[in-house]
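We count ligands from 1, going down the list as the structure has it; atoms in each ligand are counted the same way. Every heavy atom of this structure was used, including side-chain atoms; hydrogens, water molecules and symmetry mates were not. Please read all numbers here as calculations on a predicted model, not as lab measurements.
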Amino acid sequence: MTRHFLKDDDLSPKEQAEVLQLALDLKANRFSEKPFAGPQTVAVIFDKTSTRTRVSFAVGIADLGGVPLIIDSGSSQLGKKESVADTARVLERQVAQIVWRTYAQAGLEEMAANSKVPVINSLSDDWHPCQLLADLLTIREEFGRTEGLKLAYIGDAANNMGNSYLVACALAGMSVSVAAPKGFQPAADVVARAQQIAKQVGQQIAIYEDPALAVADADVVTTDTWVSMGMEAEKEQRVKTFAGYTVDAKLMAMAKPSAIFLHCLPAYRGYEVSAEVLDGPQSRIWDEAENRLHAQKALMLWLSRQN
Ligand code: CP
Ligand code: NVA
């Protein structure tokens, strides 16, 4: 069975830890592994815009001895003239792995079901699991561990980042507290899955409306844009709904003094986070962005060894 990475819990806690250890090793010794020597090609497909994901996959595939083939779906047949399944059947015969940023999770599942090479989700409407590997790597570098730490996620918790924080951090042995307005809290099935994982390691999952309750005792405070890709038409309403959910210095001060701030980026200063916090001493956003490279290289290397 081909292993894919479509959502955070496609890796077990042990496997996630292995990937994070590989990421640390690759960060220390950047050109040490060449699973794509040949060179083999890795397809990286974008249905949505990107800076970090595009750069980090292209650079990472090259670091691993391969050639990145960046495909903007607007200039391909995918999804318009040709089904996802038929696209997978063409790609699997020529590329080593398929990385895809898209809308519906169902598309990724269809791609994976028809591909004998690994399919990696580089962001869907539901999950952003590659980002979480980078975030967990950043947390591990800062604190030397992930187990027993508490992360607070503030803002739009009904999106890909909210979902991935809940499940990936639970897998890493962390507690997660979310604060989001009614209507933007995570779906019951996502909370239940995170709780199921967290319970096994004695950690807590808590959902609040009040950001102050979520950040109390937090080691990591994080947020995401209030207007995810595809939601642009709702911007005006969302800015009103999320008023009071800005991560600012006052809120950061309610977390542990040693707490760090993370943001997957792009960030909108003055909306989900104040400039003071984003650009302040507790922020680790540039390490986090760099860690996309190391974490995804580790993931691709790990997948190349399973399949
Ligand atoms: N964080 C992230 O995925 O950034 P991009 O949208 O720039 O790829
Ligand atoms: N939730 C954001 C993440 C961007 C990296 C979006 O989907 O647009």
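Scanning all protein heavy atoms for the shortest distance to atom 7 (O) of ligand 1 gives Thr51 N, 2.7 Å. Taking atom 7 (O) of ligand 2 as the reference point, the nearest protein heavy-atom neighbour is Asn160 ND2, 2.9 Å. In terms of protein heavy atoms, atom 8 (O) of ligand 2 is closest to Met229 N, 2.8 Å. When only non-hydrogen protein atoms are considered, atom 6 (O) of ligand 1 lies nearest to Arg101 NH1, 2.8 Å. Arg52 NE, 2.8 Å is the protein heavy atom nearest to atom 4 (O) of ligand 1.
For ligand 2, the atoms sitting less than 4.0 Å from at least one non-hydrogen atom of Asp224 are 1 (N), 2 (C), 3 (C), numbered in the order shown with element in parentheses. Heavy-atom contacts of Leu265 reach the following atoms of ligand 2: 5 (C) (cutoff under 4.0 Å). Close contacts of ligand 2 with Asn159, meaning ligand atoms under 4.0 Å from a residue heavy atom, involve 1 (N). The distance from ligand 2 to the heavy atoms of Leu123 drops below 4.0 Å at these ligand atoms: 3 (C), 4 (C), 5 (C), 7 (O).
Heavy atoms of Lys48 found under 4.0 angstrom from ligand 1: none, in either backbone or side chain.
Among the atoms of Cys264, some N or O lies under 3.5 angstrom from an N or O of ligand 1. By the 3.5 Å distance cut-off applied to N or O atoms, His128 is not counted among the residues near ligand 2.
At a cut-off of 3.5 Å, with distance as the only test, a side-chain donor of Arg292 or Thr53 sits close to an acceptor on the other residue. In the model, Gln204 has no side-chain atom that pairs as donor or acceptor with a side-chain atom of Ser175 under 3.5 Å. Judged by distance alone, the side chains of Asp125 and Asn160 never bring a donor and an acceptor atom under 3.5 Å apart. Between the side chains of Tyr165 and Asp8, no donor-acceptor pair is found at a separation under 3.5 Å.
Taking a 6.0 Å sphere around CD of Glu232, one finds it holds more than 12 heavy atoms contributed by other residues, nucleotides or ligands. Within 6.0 Å of CZ in Phe242 there are more than 12 heavy atoms belonging to other residues, nucleotides or ligands. The local environment of CD in Glu82 is crowded, with over 12 non-hydrogen atoms from other residues, nucleotides or ligands closer than 6.0 Å.
Remark: distances from the non-hydrogen atoms of Asp125 to ligand 2 are all 4.0 Å or more. Using a 4.0 Å heavy-atom cutoff, Leu265 is listed among the residues neighbouring ligand 1. By the 4.0 Å heavy-atom criterion, Arg292 is counted among the residues contacting ligand 1.
Each of Lys27, Gln296, Gln131 was compared with Asn291 under the side chain to side chain donor-acceptor pair (under 3.5 Å) criterion, and only Lys27 meets it.
At least one test fails for Arg284 against the ring of Phe261: distance under 6.0 Å to the centre or angle within 45° of the axis. Annotation: cation-pi pair Lys297/Phe57 absent, no NZ/CZ under 6.0 Å from the ring centroid and within 45° of its normal.
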